[in-house]
*Asks:* 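Once you've had a glance at the structure underneath, I'll fire off some questions.
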Amino acid sequence: MNVLVVGGAGYIGSHCVRQLILAGHRPVVLDNLVFGHRGAVAPDVPFYQAELGDEEAVGRILAQERPEVVMHFAAFAYVGESVTDPLKYYFNNSVATLHLLRTMLRHGVTRFVFSSTCATYGVPESLPIVETLPQAPINPYGQTKLDVENALKALAHANGVSFAAFRYFNAAGAAEDGSIGEDHDPETHLIPLAIEAAIGKGPPLRLFGTDYPTPDGTCLRDYVHVDDLSRAHIAVFDALAKPGAALFYNLGTGTPTSVRQVLAAVEKVTGKPVLVVESPRRPGDPPALYADASKARSELGWRVQYPDIDSIVASAWRWHQTHPDGYGDRPKS
Ligand code: UDP
């Protein structure tokens with residue numbers, strides 16, 4: 001299948017591009033390279049540098065490449081920044097996505113796969129999180145993703161768009177062959193920062209909150225391998241053949257892992273201690289977020305190949321060892 005991958009040079013998008021190729025599909029990438037890396041996309045994959053909200057540019061790409069499916073990964077995803085600069089998030093994550101959807105409709109492309117997030121649930125009413133729980137985001141980032149989910153529902157009803165919105169839990173890890181991995185600037189995620197702290201490349205890890213109502217006092221999250229996430233996006237293709245299909249899936253392993261358990265895994269995998277500075281809670285962090293992903297398992301046959309934190313951290317560590325400066329395409333701030 002011809003698939004346009006918007007944000008295909010980013011962390012999750014680039015892993016999805018690689019999985020699409022492995023599954024025999026033909027990805028085409030659109031990315032503005034603000035956060036993405038040209039080196040994250042294989043040189044033989046058609047690549048367009050453009051803004052997803054640029055209807056003229058995207059229209060030309062759709063006319064030329066004629067994708068049957070559009071996958072959309074391009075978003076700003078710093079929760080804290082979304083609180084201090086909400087307009088940036090509303091314009092990029094919500095408004096630009098509406099432009100993309102309008103351009104698709106004009107070109108008769110009606111199948112869409114959307115990167116959503118467990119942040120749409122806010123502080124969940126119950127755990128593990130099932131798709132039917134109320135969605136009440138506690139920050140603009142989660143709200144912009146929920147806005148797009150709601151727009152998609154309306155487009156499914158009115159225009160026959162078929163879509164899957166995947167609500168990711170904590171994406172982590174790197175491709176098995178070490179070719180691509182996580183390279184954010186600034187990096188805020190726990191696993192890469194803990195690895196840098198372990199090898200002395202970064203400062204000691206600030207552990208945000210040790211007084212949560214959890215077994216060891218630190219936050220519980222559901223870390224899921226980026227290749228496992230990617231495979232779900234491909235497994236949903238058959239279901240998108242039905243016009244008006246409106247599908248929502250949580251993607252997580254279902255295993256709650258505390259920050260301290262992640263740090264222990266990093267120490268085990270790297271063989272080095274992680275220096276830690278116990279710090280106050282980070283604003284906006286719910287105590288526990290983990291998925292009930294049984295819907296993706298039963299409807300899509302989705303199975304994770306990295307069920308445990310050690311194997312996820314090991315893949316991140318392999319990437320770090322072979323690419324200590326990430327893609328090395330821009331100076332780190
Ligand atoms: N965390 C931490 N120190 C850091 C970064 C993250 O203690 O330097 C904690 C954070 O408070 C959360 C967990 O690690 O409980 C995962 O955070 P991350 O930013 O990786 O993902 P998020 O859950 O925010 O999507």
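The structure displayed is predicted, hence computed values, not measured ones. Start at 1 and go down the list; that is how both ligands and their atoms are numbered.
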*Asks:* Sub-3.5 Å donor-acceptor pair from the side chain of Asp222 to the main-chain atoms of Gly254, do we have one?
*Replies:* yes
*Asks:* Can you spot which of Glu299, Glu131, Arg167, Lys295 makes a side-chain hydrogen bond (donor to acceptor under 3.5 Å, both in side chains) with Tyr249?
*Replies:* Glu299
*Asks:* With ILVMFWY side chains joined below 4.5 Å, transitively, what does Tyr89's cluster contain besides itself?
*Replies:*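 Taking Ile, Leu, Val, Met, Phe, Trp and Tyr as members, Tyr89 shares its hydrophobic cluster with Val34, Phe35, Phe76, Tyr78, Val79, Tyr141.
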*Asks:* Decide if atom NZ of Lys201 counts as having more than 12 heavy atoms of other residues, nucleotides or ligands within a radius under 6.0 Å.
*Replies:* yes
*Asks:* Is it the case that over 12 heavy atoms from other parts of the model lie below 6.0 angstrom from the CG atom of Asp177?
*Replies:* yes
*Asks:* Between Ile61 and Leu4, what is the shortest heavy-atom contact and its length?
*Replies:* CG2-CD1, 4.1 Å
*Asks:* Once you restrict both partners to nitrogen or oxygen, which atoms of ligand 1 have a protein partner under 3.5 Å, and how far apart are they?
*Replies:*
unit_1	atom_1	unit_2	atom_2	d
ligand 1	3 (N)	Arg206	O	2.6
ligand 1	7 (O)	Arg206	O	3.4
ligand 1	7 (O)	Phe208	N	2.9
ligand 1	11 (O)	Asp285	OD2	2.6
ligand 1	17 (O)	Arg282	NH2	3.4
ligand 1	19 (O)	Thr188	O	3.4
ligand 1	19 (O)	Arg282	NH1	3.3
ligand 1	19 (O)	Arg282	NH2	3.1
ligand 1	20 (O)	Leu190	N	2.8
ligand 1	21 (O)	Asn170	ND2	3.1
ligand 1	23 (O)	Asn170	ND2	2.9
ligand 1	23 (O)	Arg221	NE	3.0
ligand 1	24 (O)	Arg282	NH2	2.7

